[in-house]
Amino acid sequence: METKNMFKNSLASLFIATLLPVSVHAADCPSSDTANKGFVLENNGARSEFRKAEGQIVKTVNHFSGSPQQTVFSFAGLFDLARFSKNEQYAMHPLSDLSHTLPLKKGARIKVAFLPLGPDEHADTLWSLELTVAGQESFSLGECTYKVLRIKQVIKRGDEQVDILSVLYSPDLQATLAKVYDEGTANEYTSRYDRIQSLTQ
């Protein structure tokens, strides 16, 4: 009888142990309410720490495997205003009024005129960034799921197209979670984050 009771107690303890991780270790999913406190996005080659700055400015510190640390200042996490590292010094000055850019909606088309700033840049050439919101979809980061907007970004120098890609952008986090290059071609490639957690320090 004692052996039988010990067996029942062991089963009960095992059952409770299997339940504990579910209740104690809930998924850490930053939201629109908590994102201002900072969060971390990661994949196997990068760790990015996001912190909200003044106004619509988001500061991101990127740590890459085998590359220098990079600091990025972006407009609402949507497009870069400045990037700094040991190997790169980039900044752009928007000439367009950005105050009506957000919130973004499906079908929206926005054109931002800007000048790249740097010792080798020519200030007499107007650049532009064209944003087209193609649609909305769900995006998973581990146990966390977010609604993202698929936004086509086209950069032009005058009338010359310099770069084109699509980004998956989370309005709640004010962060770009993935970038899609050569979309719709045989060379299509997606660079994305796989994990997210709140910034604890």
Side-chain angles (χ1 to χ4, degrees), residues 28-32 34-65 67 69-85 88 90-92 94 96 98 101-112 114 116 127-142 144-156 162-184 188-199:
D28 178 10
C29 298
S31 66
S32 58
T34 64
N36 286 346
K37 299 178 181 179
F39 57 93
V40 177
L41 289 170
E42 294 179 304
N43 58 29
N44 290 335
R47 171 186 169 90
S48 300
E49 300 170 2
F50 289 74
R51 293 178 174 87
K52 188 74 181 295
E54 290 297 322
Q56 294 290 353
I57 303 300
V58 174
K59 179 182 179 181
T60 307
V61 179
N62 297 316
H63 306 270
F64 303 110
S65 299
S67 297
Q69 175 179 298
Q70 180 191 61
T71 301
V72 177
F73 294 92
S74 66
F75 176 76
L78 180 59
F79 57 85
D80 295 351
L81 299 172
R83 296 188 299 269
F84 303 105
S85 71
E88 182 182 26
Y90 169 82
M92 63 97 100
S96 300
L98 301 180
T101 303
L102 303 177
L104 292 168
K105 296 181 179 180
K106 182 179 178 180
R109 295 177 181 271
I110 298 165
K111 184 175 182 179
V112 178
F114 71 93
W127 290 60
S128 64
L129 170 64
E130 298 175 359
L131 306 173
T132 302
V133 183
Q136 180 176 288
E137 55 196 85
S138 294
F139 188 92
S140 296
L141 290 167
C144 306
T145 301
Y146 296 94
K147 289 182 179 179
V148 297
L149 298 174
R150 182 175 289 263
I151 304 173
K152 183 178 180 181
Q153 297 188 350
V154 179
I155 296 177
K156 293 182 177 180
V162 176
D163 194 21
I164 180 172
L165 73 155
S166 289
V167 301
L168 299 182
Y169 173 76
S170 167
D172 286 344
L173 298 176
Q174 289 203 332
T176 295
L177 306 184
K179 296 181 178 180
V180 184
Y181 302 93
D182 297 321
E183 189 173 17
E188 181 174 320
Y189 172 74
T190 300
S191 174
R192 56 161 290 160
Y193 290 106
D194 300 316
R195 301 177 296 278
I196 188 171
Q197 63 181 17
S198 298
L199 192 60

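Hydrogens, waters and symmetry mates are skipped; everything else that's a heavy atom, side chains included, is used.
- Residues Val180 and Leu165 fail the side-chain proximity criterion, which asks for heavy atoms closer than 4.5 Å.
- Counted by atom type alone, Glu130 and Gln153 present zero donor-acceptor pairs between their side chains at under 3.5 Å.
- Smallest separation of non-hydrogen atoms from Tyr90 and Pro116: CE1-CB, 4.5 Å.
- Distance check: Phe39 CZ to Thr34 OG1 gives 9.0 Å after rounding to the nearest 0.5 Å.
- At least one donor-acceptor pair under 3.5 Å links the side chain of Asn43 to the backbone N or O of Arg192.
- Residues meeting the salt bridge (charged side-chain N to carboxylate O under 4.0 Å, His left out) test with Asp80, sequence neighbours left out: Arg83.
- For Phe139 and Tyr146, the ring centers sit 6.0 Å or farther from each other.
- In this structure, the side chains of Leu104 and Leu78 come closer than 4.5 Å at one or more pairs of heavy atoms.
- At distances below 3.5 Å, not a single donor-acceptor pair connects side-chain atoms of Ser67 with backbone N or O atoms of Phe64.
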| field | Stepwise side chain to side chain contact (heavy atoms under 4.5 Å, CB included) check, Val72 with Asn62 | value | CA-CA 8 Å; Val72 177; Asn62 297 316; 3.7 Å; yes
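- From Gln197, atom CD reaches atom CZ of Arg195 across 9.0 Å, with rounding to the nearest 0.5 Å.
- Taking the six-membered ring where tryptophan is involved, the planes of Tyr193 and Phe50 are perpendicular, since the angle between them exceeds 60° and thus also 30°.
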| request: Kindly determine whether Val148 and Gln136 satisfy side chain to side chain contact (heavy atoms under 4.5 Å, CB included), including the steps that lead there. | output: CA-CA 6 Å; Val148 297; Gln136 180 176 288; over 6 Å; no
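- Remark: Asn36 engages Lys52 in a side-chain contact (heavy atoms from CB on, under 4.5 Å) (not counting sequence neighbours).
- Looking at Val162 and Trp127, their side chains come closer than 4.5 Å, going by heavy atoms from C-beta outward.
- Put simply, the side chain of Asp182 does not reach to within 4.5 Å of the side chain of Tyr189, judged on heavy atoms.
- Distance check, rounded to the nearest 0.5 Å: CG of Leu131 to CD1 of Ile155 gives 9.5 Å.
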| field | Check against side chain to side chain contact (heavy atoms under 4.5 Å, CB included), Phe79 and Thr176 | value | CA-CA 8 Å; Phe79 57 85; Thr176 295; over 6 Å; no
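- Across Ser128 and Lys111, no two heavy atoms sit closer than the pair CB-CE, 3.7 Å.
- Nearest heavy-atom pair, Gly77 versus Val58, reported as atom, atom and distance to 0.1 Å: N-CG2, 3.7 Å.
- The salt bridge (Lys or Arg N to Asp or Glu O under 4.0 Å) contacts involving residues 144-154 comprise Glu137-Arg150, Arg150-Glu183, where partners must be two or more places apart or lie in separate chains.
- By the 4.5 Å heavy-atom criterion applied to side chains, Ser170 and Leu177 are counted as neighbours.
- Atoms CD1 and CG, from Ile151 and Leu168 in turn, are 9.0 Å apart once rounded to the nearest 0.5 Å.
- Here the SG-CD1 distance, from Cys29 to Ile196, works out to 7.5 Å after rounding to the nearest 0.5 Å.
- Between the side chain of Thr71 and the backbone N or O of Lys59, no donor-acceptor pair lies under 3.5 Å.
- Contact annotation: the side chain of Glu49 never approaches that of Thr60 to less than 4.5 Å [non-hydrogen atoms, C-beta and beyond].
- No side-chain heavy atom of Thr190 sits under 4.5 Å from any side-chain heavy atom of Lys179.
- Closest approach of Ala35 and Asp172 over heavy atoms only: CB-O, 4.1 Å.
- One finds the CG atom of Leu102 at 7.5 Å from the CD1 atom of Ile110 (value rounded to the nearest 0.5 Å).
- Judged by distance alone, with hydrogens and angles left aside, the side-chain atoms of Glu88 form no donor-acceptor pair with the main-chain N or O of Phe84 at under 3.5 Å.
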| task | Apply side chain to side chain contact (heavy atoms under 4.5 Å, CB included) to Lys37 and Arg51, showing your working. | result | CA-CA 7 Å; Lys37 299 178 181 179; Arg51 293 178 174 87; over 6 Å; no
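- The two residues Lys105 and Val133 make their nearest non-hydrogen contact at O-CB, 3.3 Å.
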